[in-house]
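Since this is a predicted model, take the numbers as computed values, not measurements. By convention in this document, chain letters (A, B, ...) are assigned in the order of the sequence lines, proteins followed by strands, and residues within each chain are numbered from 1.
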Number of protein chains: 2
Amino acid sequence: MITQLKGDRRRNRHAAKTEAILAAAWELAREQGLAGISLRALAARVDLSQPSLYSYFASKNQLYDLMFAQGNRQLLERLEAIELPGDPHDALKKVSRELVTFFTEDWARYQIMNQRTVPGFEPSEESYDIARRVFDWLLAPLHLAGVAAEAHIDLFVALLAGLSEAQLANEPTGDRWTRHVELAIDMLLREVQRS
Amino acid sequence: MITQLKGDRRRNRHAAKTEAILAAAWELAREQGLAGISLRALAARVDLSQPSLYSYFASKNQLYDLMFAQGNRQLLERLEAIELPGDPHDALKKVSRELVTFFTEDWARYQIMNQRTVPGFEPSEESYDIARRVFDWLLAPLHLAGVAAEAHIDLFVALLAGLSEAQLANEPTGDRWTRHVELAIDMLLREVQRS
DNA sequence: GTCTATACATCGATAGAC
DNA sequence: GTCTATCGATGTATAGAC
């Protein structure tokens, strides 16, 4: 029983430290780019020696995997917190706005979630499952708004990714592209109705 | 006169070797990712010692800059080679198809041209000028098709970038996203006409 | 121009002591 | 778990012979 409690405490300490390391990794990624994370700099930020990091993840790629999973978990949380308007078109617009806001508020997070930018990195099955859950969640408001054909869903994905990426690549802090989200959804919904 | 010819020959040899180095760099980038280019591996591919590369560019970032410029020059060439249909809508579709084909046929090229993926790299003024010339070239078929408002031009950019990137990130060899290029342009042109 | 040789700092990763 | 020490590879750069 005491051993059990001790085990729990150890697990909690370990999890808390892992959280702190991840937070520092996001900081570094925002400052230096995703590929610019160095394990020595990361260790220094959390008062560990560089080899000690390997008690928390087995390789740099696994650190990226943790970040990928965390990004997708954050997005799922944000989506589930939305209060959806009754009108399906308005609901889809609100979801789209949230998506683009989420993506453009952290360039490093967008990179790891949506681009293939780190040479050797592939998300693990478990982490990719979370990304799948995000996509599945999106299907409900899409279907309610009449966006059900694969072509239209793919256009939806391309539109939001394109607006987010153009914003991030050309003008990280402005809204020249993201302000067109609602216009883009209107356009897509008219296309859906036409067909 | 003879000296002149000799100088020309030397310049030609130098330019030819630079071409070969660039070609090898593209190969490496396609295999290992843009950031995965190592100067030692690059030198080995063109039968040079690593320090000898410095006779052709002053730093790795300048190599990236040469690649950025070459990618944009290739795109401009491809665009100028298009035989444009008389109908402005068809013309814009043909241009869009060419753009998406160009982007999706080489992931490394897309990365350096459109993403901010290499930590320290910024294109030089001269190289960025070529990118500007590409954009300026695109304005003509866009205007002819009635796409003149900034919002609509930005939507055009976002649509093509989004389709290209979704294709490259999720299914590098297929056409699940790129096949919707013409549909996307139809959709955009209807939006333009409406307003 | 090109080479060999060498230097320095940095990187991810591992071995082994405690 | 954490450390020190170390490994091999990297990018960058220079010296000096040919």
Which residues share a side chain to side chain donor-acceptor pair (under 3.5 Å) with [X], sequence neighbours left out:
X: B/Glu80; value: none
X: B/Ser38; value: none
X: B/Ser127; value: B/Asp65, B/Ser124
X: B/Asp129; value: B/Arg132

At a cut-off of 3.5 Å, list every protein nitrogen or oxygen paired with a nitrogen or oxygen from nucleotides 16-18 of chain C, distance to 0.1 Å.
none

With ring pair (Phe, Tyr, Trp, His ring centres under 6.0 Å) as the rule and sequence neighbours excluded, what pairs involving residues 76-117 of chain B come up?
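Pairs touching residues 76-117 of chain B that pass the test: B/Phe103-B/Tyr110.
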Not counting sequence neighbours, which residues clear side-chain contact (heavy atoms from CB on, under 4.5 Å) with A/Ser55? List them please.
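None.
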Can you pull the salt bridge (Lys or Arg N to Asp or Glu O under 4.0 Å) pairs that have at least one residue in residues 20-45 of chain A, sequence neighbours excluded?
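Non-adjacent pairs meeting salt bridge (Lys or Arg N to Asp or Glu O under 4.0 Å): A/Glu27-A/Arg45, A/Arg30-A/Asp106, A/Glu31-A/Arg45.
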Summary of salt bridge (Lys or Arg N to Asp or Glu O under 4.0 Å) pairs that have at least one residue in residues 135-150 of chain B, sequence neighbours excluded:
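As it turns out, the salt bridge (Lys or Arg N to Asp or Glu O under 4.0 Å) pairs with a partner in residues 135-150 of chain B, which skip direct neighbours, are A/Arg176-B/Glu150, A/Arg179-B/Glu150.
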In residues 15-30 of chain A, which residues come under 4.0 Å of DNA chain D by heavy atom?
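Close to the strand, none.
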ring-ring contact (aromatic ring centres under 6.0 Å, His included) against A/Tyr56, all qualifying residues, sequence neighbours excluded:
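A/Tyr56: ring-ring contact (aromatic ring centres under 6.0 Å, His included) contacts with A/His14.
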Short of 4.0 Å, heavy atom to strand atom, which residues of residues 32-62 of chain A count as contacting DNA chain C?
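Contacting residues: A/Ile37, A/Ser38, A/Leu39, A/Arg40, A/Gln50, A/Pro51, A/Tyr54, A/Ser59, A/Lys60.
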How close or far is atom P of D/dG11 from atom CG of B/Leu63, stated in whole angstroms?
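For the pair B/Leu63 CG and D/dG11 P, the rounded distance is 11 Å.
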Distance, nearest 0.5 Å, that separates CG of A/Leu159 from OG of A/Ser164:
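Reported to 0.5 Å precision, the distance equals 10.5 Å.
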